[in-house]
There are 2 protein chains.
Amino acid sequence: MPQAENLKKSGLKMTLPRMKILALFESGSERHLSAEEVYRQLLQAGDDVGLATVYRVLTQFEQAGLLVRQHFDNGKSVFELNQGEHHDHIVCLQCGRVEEFYDAEIEARQAQQAAARGFEIQGHVLHIYANCLKDDCPHRR
Amino acid sequence: MPQAENLKKSGLKMTLPRMKILALFESGSERHLSAEEVYRQLLQAGDDVGLATVYRVLTQFEQAGLLVRQHFDNGKSVFELNQGEHHDHIVCLQCGRVEEFYDAEIEARQAQQAAARGFEIQGHVLHIYANCLKDDCPHRR
DNA sequence: ACGCAAATGATAATCATTCTCATTTGCGTT
DNA sequence: AACGCAAATGAGAATGATTATCATTTGCGT
Ligand SMILES: [Zn+2]
Ligand SMILES: [Zn+2]
Ligand SMILES: [Zn+2]
Ligand SMILES: [Zn+2]
């Protein structure tokens, strides 16, 4: 259990809700989960957690570096396991599918642009909104 | 008044609140304004508009292509005049200062990444979060 | 097994945004 | 210039996501 270590190091107790939530992300069935989705999945699994705890724990995990939070343009935000390698996202406007990508050149250019303006870059958000061409994607309208 | 034309074309009446709001953006004192900021500025100017109207009008202007909305990571969103040329943003985490930039290579790479995964790109959000080194920026903590 | 700070969960509170609806306004027509 | 009516407005209620409160429970060192 490599993550449990990080939990300890962050000064967080190993409680039941925290383990359940961490397990959800580690199980890997869904990589990107919103707070509401985490809550629902726990309820379905019979675990009795409060929504407030879910929000609290997700935020704590983010601060501890275990999870990364993504704010999408529609106002919703999702969390995903922080596996060290940074990446950006492509989101399908039709079906909500999320894919990840990493482009070293894009990353480098951002650093340049920030530096050129006298900013110390702390992070960035790059979300590409698109329509995917997958078979099960509803291309209505 | 070039913008008034676009208003007409969008089937929107030329009402007082709409002209006031448009004027705010065209005056150019502040390029990026949140709904709340627009509301406050109108009140200070003695104009009696409702907050609901501000939200409504901003959304209508966005749909009419007059304004562009930017959702920032802190959950806030701002609007700016749509002047045709796309650009991305650097936001100072300390003082909220917003600067704009455009990098053709970054734009091109995004298109490549999306295409390579079978997505038809519709748009993107690129926000760099940083600390600026301006004199009046509070580097607390 | 004990004790206490940390964590939880039910609920209320907050914040931005949207909705409702009675009243007002823009504007094409007499 | 006065009419008429759909479109627009504004005050306040409603919403949805997130955060705060606080009494109760739990993890964990002793
Ligand atoms: Zn991801
Ligand atoms: Zn799709
Ligand atoms: Zn600054
Ligand atoms: Zn801008």
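Every chain is numbered from 1, with letters handed out A, B, ... down the list of sequences. In this text, all values refer to a predicted model and were calculated from it rather than measured experimentally.
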If the condition is side-chain hydrogen bond (donor to acceptor under 3.5 Å, both in side chains), which residues does T15(B) pass it with, not counting sequence neighbours?
none
Using the ring-ring contact (aromatic ring centres under 6.0 Å, His included) criterion, which residues pair with H124(A)? Sequence neighbours excluded.
H86(A)
Please tabulate the protein-to-nucleotide N/O contacts below 3.5 Å involving nucleotides 8-10 of chain C, giving atom names and distances.
from	atom 1	to	atom 2	distance (Å)
dT8(C)	OP1	T15(A)	OG1	2.6
dG9(C)	OP1	D48(A)	O	2.7
dG9(C)	OP2	G50(A)	N	3.1
dG9(C)	OP2	T53(A)	OG1	2.8
dG9(C)	N7	R56(A)	NH2	2.6
dG9(C)	O6	R56(A)	NH1	3.1

Residues at least two apart in sequence or cross-chain that pass ring-ring contact (aromatic ring centres under 6.0 Å, His included) with H127(B), listed by chain then number, are F72(B), H89(B)
For residues 39-47 of chain A, which side-chain donor-acceptor pairs fall under 3.5 Å, sequence neighbours excluded?
from	atom 1	to	atom 2	distance (Å)
D47(A)	OD1	K20(A)	NZ	2.8

State which residues pass side-chain contact (heavy atoms from CB on, under 4.5 Å) with A114(B); sequence neighbours excluded, sorted by chain then number.
I90(A), I128(A), F119(B), I121(B)
Could you name each residue pair satisfying salt bridge (charged side-chain N to carboxylate O under 4.0 Å, His left out) that touches residues 79-92 of chain A, not counting sequence neighbours?
R31(A)-E80(A)
In short, salt bridge (charged side-chain N to carboxylate O under 4.0 Å, His left out) pairs touching residues 101-113 of chain B with sequence neighbours left out are D103(A)-R109(B), R109(A)-D103(B), E105(B)-R109(B)
So which pairs with a foot in residues 90-110 of chain A pass ring pair (Phe, Tyr, Trp, His ring centres under 6.0 Å), sequence neighbours left out?
none
Taking heavy atoms of chain A and a 4.0 Å limit, find me the 5'-most and 3'-most nucleotide of DNA chain D within that range.
dA17(D) to dC28(D)
If the helix axis at each end comes from five base pairs, how far does the helix from dA1(C)-dT30(D) to dT30(C)-dA1(D) deviate from straight, to 10°?
30°
So salt bridge (charged side-chain N to carboxylate O under 4.0 Å, His left out) across residues 51-63 of chain A, not counting sequence neighbours, yields E62(A)-R69(A)
